[in-house]
Amino acid sequence: MPNYRSWPFAEADKLIRRAQDLDPAKPVRFQTGFGPSGLPHIGTFAEVARTTWVRHAFETLAQRPTQLIAFSDDMDGLRKVPLNVPNREMLAEHIGKPLCHIPDPFGCCASYSAHMNAKLIEFLNTYGFDFTFQSSQEAYARGDFNEGLSILLAKAEQVRALIVPTLSEENQEDWFPFFPICENCGRVYTTRVTEYHPEDNTLEYACDGEVHGVMGCGHQARTSIFNGKVKVGWKVDWALRWYTYDIAYEMYGKDLIESARLSSRIIGVMGKRPPIGMVYEMFLDQEGRKISKSVGKGLTVDAWTTYAPIESLLYYLMQSPTKAKRLYWEIVPKCVDDYLGELRRYPALDPEQAPDSPAWHIYNRGQGVPAYGAGIDYTTVNNLLSALATDSADLVIEYLERYDPKAAGYPEIIRDLVDKALNYYRDFILPTKTYRKPAEEERRWLLDLRDRVIEYDGQSEDELQAIPFDIARENDVPAADFFRLFYEVVLGQDRGPRFGAFTMLVGKDKVADLIAQRCQEEPSGS
RNA sequence: GGGCCGUUAGCUCAGUUGGCAGAGCACCUGCCUUUUAAGCAGGGUGUCGCGCGUUCGAGUCGCGCACGGCUCACCA
């Protein structure tokens, strides 16, 4: 078997050993988890993308079927109201209740978590990930966890012995792995287990706690632990999912290292082994701070894919997942160019080397890696765009194909680059353009330029290029100053393309119109 | 205090199994008799954070240390 070095294969190797004693008839399960209290963000995207790459590497090496479960913790209670959602006063009334039992603050779905789950599914589908969505609430209600819950209740003291030492002193005494949902007020964070009965899988609770200023209702009852009447606490929940679905692989951020360690010991108590785990680093913003889920700091997936090809984002996520990386716009162009470099290199790789190329992973195990032999890169397109000061993709592409005839051979990639660069130009460059008003003398020179361009009836770029030089010489103006005048007044910037080539491609009439338009505006602004 | 990551050119960072230290940007010089050029050609004396070790050979491997950052030490 070939010895691939890229990290998804290294992970797959570990998983192969882990999966040896699993039922070969069943798919090997991968999991990613989400907290539906907020909207999906780049961390979510990264986790699914990276897990998918390990999954594909594993399938390639092991030739076994796999499944990726995207698990949503929608039974978790609402602890505090997020800052970035509407109807916050309504939500405040529901603090302490499971997210799946709280109305949708956006008003369109059956519940708060249903809204977030729908967003998550939509988000992942947009990028074509293959996954099986699983709601925690549905899994509890359906009884998926009943067997595991029964074991946990029987071994509650052992679980307590693992968790309690990690808690603050005031929480140690009352802590119990199970969190009953109060059948009276519906809250899960205000209940306290008072007795438990492993022999019939029930427990007794009192709803007399407090969460963020909200008091329990005082209700007391005895309830079954099955079918969603009771959930288990966080680290126990994680172990329960691993146990129930035989999860063989799950990656997580470094902030969950300690949690994963505890969950691993809990599943050990339950009698199974934890999945292979991989720790990835957090994403940081430009100042090196962790990107928050609730605040829109740093670059979003949406922003990246609006202004650059999505493959460049995947390429970025492929690079060293265990290294903290700052995420801000300035890194994107380099990523795009590096990604294009991978495409250029790919066809020449030996079949044995190809699976270690980022392109192989990004394009579904090397299926459909597009050819790219042009020299055009994203930086080129951006520079050209700012020189041309145009919003016409066709014009830009014409220029590119003149510059590098090979570009015509890869129309899809070129078109995507231009479209994305144009989006960036429109949103960030164009609004900052300032068109200088010409002085009276300058205005005459420019109108002279316009007239001579209209009169010229040849097809020579060089002859067109000679016109501004003639005008500059005749009026005793340095050529460089005259060109800058043209750019500042007509294009709203201090640099630009060669006049001759620009005029030929844009069209004489269009250039003449632009000049006339800018020169007509009176200095007084009347 | 536990854990994780980092420290390589002015800046941002590559450096794959140990084998002559790299890229982009920035900056400088020159060129096309015709731009302040999406242009071309040149331009790098780097304590690879420090020390010790392994090795014929270490940016790379091992141990120790320093500095910076993040994360957990509430809760899920």
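Below, chains carry the letters A, B, ... as their sequence lines are ordered, and counting in each starts from 1.
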A:Y328 has a side chain; which of B:U12, B:U16, B:U71 sits nearest to it?
-> B:U12
For the pair A:Y316 and A:W304, name the ring-plane relationship: parallel under 30°, tilted 30 to 60°, perpendicular over 60°.
-> tilted
Could you give the distance separating B:A58 and B:G43 at their C1' atoms, to the nearest angstrom?
-> 30 Å
Do A:Y487 and B:U36 share a donor-acceptor pair, side chain to base, under 3.5 Å?
-> no
Can you find an N or O donor on one side and an acceptor on the other, under 3.5 Å apart, linking the side chain of A:K254 with the base of B:C5?
-> no
Which nucleotide sits closest to the side chain of A:Q465: B:A76, B:U35, B:C70?
-> B:U35
Does a side-chain N-to-carboxylate-O contact under 4.0 Å join A:E258 and A:R261?
-> yes
How about A:F469 and A:F483: are their ring centroids closer than 6.0 Å?
-> yes
Does A:R484 get its side chain close enough to the base of B:U36, under 3.5 Å, for a donor-acceptor pair?
-> yes
Using the aromatic ring of A:F469 (for Trp, its six-membered ring), decide whether it stacks on the base of B:U34 within the limits of 5.5 Å and 30°.
-> no
Are A:Y280 and A:E47 close enough that a side-chain donor and a side-chain acceptor fall under 3.5 Å?
-> yes
Shortest side-chain distance from A:R5, nucleotide among B:U16, B:G3, B:A76 = B:U16
C1' gap between B:U7 and B:U60, integer Å = 15 Å
Paired with B:G6 by Watson-Crick or G-U wobble geometry, both distances under 3.5 Å: which nucleotide is it?
-> B:C67
